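Residue numbers count from 1 along this sequence. No experiment lies behind these values; they were computed from the predicted model shown.
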Amino acid sequence: MHFQECPHEEEKLVRCTRGVIYDVIVDLRKDSPTHKQWFSVELSDRNRRMLYIPKGLAHGFLTLTDDVEINYHHTVFYHPESARGVRWDDPAFGIEWPDISVRTISNADQSWPDYPVGNAKQ
């Protein structure tokens, strides 16, 4: 579950243009009435849905088919020094992922800390 911290917070628009993904956002805004709540949606080339992700929310996805292509539109450029994340399976959120055999999780995604993120502004 990824995001960029201040001053490089970003908004995103995500669309799956080939295949199918299970897309999840988590509200990390401490003053929000939906703090730590999550939302999921299936995005695919067939349903043509897009997901808007406001600043302050973390984002992650699970591919449900092979040969997936995803388009991202960001409001700011990627700044590696501002990149942060939380674990996809962090019990603080209780995200319900589809029950499929996951074959690959990046080293970075496996190493994100438990929430709350150390020095990230939320």
Side-chain angles (χ1 to χ4, degrees):
M1 304 300 299
H2 311 106
F3 62 96
Q4 287 193 162
E5 72 174 346
C6 208
H8 303 291
E9 293 174 300
E10 61 188 350
E11 297 169 73
K12 298 180 195 174
L13 187 60
V14 179
R15 180 170 177 238
C16 182
T17 55
R18 183 179 325 137
V20 184
I21 64 172
Y22 183 78
D23 212 321
V24 177
I25 54 176
V26 175
D27 190 350
L28 300 180
R29 302 168 297 181
K30 291 192 182 217
D31 295 334
S32 171
T34 57
H35 180 236
K36 296 198 301 182
Q37 292 181 20
W38 60 274
F39 170 82
S40 66
V41 63
E42 191 173 282
L43 302 178
S44 73
D45 54 354
R46 289 185 175 210
N47 69 25
R48 302 173 62 118
R49 292 178 177 163
M50 288 192 263
L51 179 63
Y52 169 72
I53 306 159
K55 293 177 183 179
L57 277 68
H59 170 251
F61 64 88
L62 173 66
T63 59
L64 300 178
T65 60
D66 292 331
D67 198 26
V68 167
E69 179 180 88
I70 304 168
N71 284 331
Y72 283 86
H73 296 275
H74 301 256
T75 55
V76 298
F77 288 107
Y78 177 66
H79 292 271
E81 68 279 5
S82 296
R84 299 290 183 269
V86 292
R87 277 196 352 262
W88 59 274
D89 62 348
D90 191 321
F93 310 119
I95 298 169
E96 296 174 14
W97 295 93
D99 189 20
I100 65 170
S101 175
V102 176
R103 293 184 292 245
T104 305
I105 300 174
S106 73
N107 290 336
D109 288 343
Q110 291 181 52
S111 65
W112 289 122
D114 286 341
Y115 184 79
V117 179
N119 63 356
K121 183 178 178 181
Q122 299 169 34

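- Pairing each heavy atom of Gly19 with each of Val68, the nearest pair is CA-CG2, 4.3 Å.
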### Query
What's the verdict on side chain to side chain contact (heavy atoms under 4.5 Å, CB included) for Val86 and Val26, showing C-alpha distance, side-chain angles and the deciding distance?
CA-CA 10 Å; Val86 292; Val26 175; 5.7 Å; no

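- Here Phe61 pairs with nothing under the ring-ring contact (aromatic ring centres under 6.0 Å, His included) rule; sequence neighbours left out.
- Within the structure, every pair that satisfies the salt bridge (charged side-chain N to carboxylate O under 4.0 Å, His left out) test and touches residues 50-79, not counting sequence neighbours, is listed here: Arg18-Asp67, Arg18-Glu69, Asp66-Arg103.
- The shortest heavy-atom contact between Leu62 and Pro98 is CD2-CD, 3.8 Å.
- For the salt bridge (Lys or Arg N to Asp or Glu O under 4.0 Å) test, residues two or more places apart in sequence or in another chain that qualify with Asp27 are Arg29.
- Connectivity analysis of hydrophobic side chains (ILVMFWY, heavy atoms under 4.5 Å, direct or indirect) links Tyr52 to Leu13, Met50.
- A distance of 9.0 Å separates OG1 of Thr75 from CD of Gln4, quoted to the nearest 0.5 Å.
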### Message
Please evaluate residues His2 and His59 with respect to the criterion side chain to side chain contact (heavy atoms under 4.5 Å, CB included), reporting the C-alpha separation (whole Å), side-chain torsions for both, the decisive distance (0.1 Å), and the verdict.
### Response
CA-CA 5 Å; His2 311 106; His59 170 251; 5.5 Å; no

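- Across every non-hydrogen atom of Ile100 and Thr63, the tightest pair is CD1-O, 3.9 Å.
- For Tyr78, there are no ring-ring contact (aromatic ring centres under 6.0 Å, His included) partners at least two apart in sequence or on another chain.
- With sequence neighbours excluded, the residues forming a side chain to side chain contact (heavy atoms under 4.5 Å, CB included) with Glu96 are Trp38, listed by chain and number.
- Rounding to the nearest 0.5 angstrom, the gap separating the OG1 atom in Thr34 from the CG atom in Leu57 is 7.0 Å.
- Listed by chain and residue number, His74 satisfy the side chain to side chain donor-acceptor pair (under 3.5 Å) test with Glu10 (two or more places apart in sequence, or in another chain).
- Counting all heavy atoms, side chain and backbone alike, Phe3 lies closest to Ala58 at CD2-CB, 4.0 Å.
- With sequence neighbours excluded, no residue forms a salt bridge (Lys or Arg N to Asp or Glu O under 4.0 Å) with Asp109.
- Checked against Phe93 for a side chain to side chain contact (heavy atoms under 4.5 Å, CB included), the options Gln37, Lys36, Met1 give a single hit: Lys36.
- Here the straight-line distance linking atom CD1 of Ile21 with atom CZ of Arg15 works out to 11.5 Å at 0.5 Å rounding.
- By the side chain to side chain donor-acceptor pair (under 3.5 Å) test, Ser40 pairs with Tyr22, sequence neighbours left out.
- Of the inter-residue distances, the one linking Phe39 atom CZ with Ile53 atom CD1 reads 10.5 Å to the nearest 0.5 angstrom.
- A side-chain donor-acceptor contact under 3.5 Å links Gln110 to the backbone of Ile105.
- Taking every heavy atom of both residues into account, Asp23 and Gly60 meet most closely at OD1-O, 3.2 Å.
- Distance CG/Asn71 to NZ/Lys12: 13.5 Å, rounded to 0.5 Å.
- With sequence neighbours left out, His79 forms a ring-ring contact (aromatic ring centres under 6.0 Å, His included) with His8.
- The list of salt bridge (charged side-chain N to carboxylate O under 4.0 Å, His left out) pairs with a residue in residues 45-54, not counting sequence neighbours, is empty.
- The minimum heavy-atom distance between Pro113 and Asp90, with the atom names listed, is O-OD2, 4.2 Å.
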